[in-house]
Amino acid sequence: MKTTNLYLVTLKGGHVGRNNFIVFTYPIYAESGKEAARIGRALPRVKHDAKDAVLDVKQINLKDYILAKLQCDRDPYLHCINRQEQAAYMDELSHRIYRNAEVKKYKKRHSLRSVWNCDRAIPEEMLLS
């Protein structure tokens, strides 16, 4: 028989600016801490591409689980639907926003419009493939 344990998973969240992240904690019930981390990583608003998206996993009791669930229900970051709503709560969220230790360098994105709008004829080999 499988036993289910309660875990408190601390995660890195995104959508707060380039090279920034926000920390939030989410209560999860799972069979093991490893599974709790996997479930937490798949939640919305988590930095899915970051290797260190899961900061901490700890086992808790039912009382702490219920308190953490209520705290998540009151967290404006987890309930924002769009950027405008999040901007309205930015004063409350600003103390939870951190800068990544390693700053990613982003290349300037160039438009492909000049490639698609060129007047050159398309070679017949490209049309057949």
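Under the side chain to side chain donor-acceptor pair (under 3.5 Å) criterion, N20 pairs with R99, sequence neighbours left out. Partners of Y77 by ring-ring contact (aromatic ring centres under 6.0 Å, His included), not counting sequence neighbours, listed by chain and number: F24. Partners of Y7 by ring-ring contact (aromatic ring centres under 6.0 Å, His included), not counting sequence neighbours: none found. The side chain to side chain contact (heavy atoms under 4.5 Å, CB included) test applied to E35 returns A30, E31, S32, R38, I39, not counting sequence neighbours. With sequence neighbours excluded, no residue forms a salt bridge (Lys or Arg N to Asp or Glu O under 4.0 Å) with D73. In this view, T25 and L8, T10 satisfy the side chain to side chain contact (heavy atoms under 4.5 Å, CB included) rule, not counting sequence neighbours.
In terms of hydrophobic clustering, with Ile, Leu, Val, Met, Phe, Trp and Tyr side chains grouped at heavy-atom distances under 4.5 Å, I22 and Y89 are assigned to a common cluster. M90 is not connected to F21 by any chain of hydrophobic side-chain contacts under 4.5 Å among Ile, Leu, Val, Met, Phe, Trp and Tyr, and they are in different clusters. The hydrophobic clustering, which links ILVMFWY residues whose side-chain heavy atoms are closer than 4.5 Å, places I66 and L6 together. A continuous path of ILVMFWY side-chain contacts below 4.5 Å connects L78 to I28, so both sit in one hydrophobic cluster.
Judged by distance alone, with hydrogens and angles left aside, the side-chain atoms of H48 form a donor-acceptor pair with the main-chain N or O of R41 at under 3.5 Å.
Annotation: side chain of V46 is not in contact with side chain of Y26 (no heavy-atom distance under 4.5 Å). Counting heavy atoms from C-beta outward, L43 and L11 have side chains that approach closer than 4.5 Å.
Within the model, atoms CD of Q86 and CG of L93 stand 6.5 Å from one another, a figure rounded to the nearest 0.5 Å.
In terms of heavy atoms, V57 sits closest to G33 at CG1-O, 3.9 Å.
Taking a cutoff of 4.0 Å between a charged side-chain nitrogen and a carboxylate oxygen, D75 and R96 qualify as a salt bridge.
Crowding of Q71 atom CD: a count of heavy atoms from other residues, nucleotides or ligands under 6.0 Å not exceeding 12.
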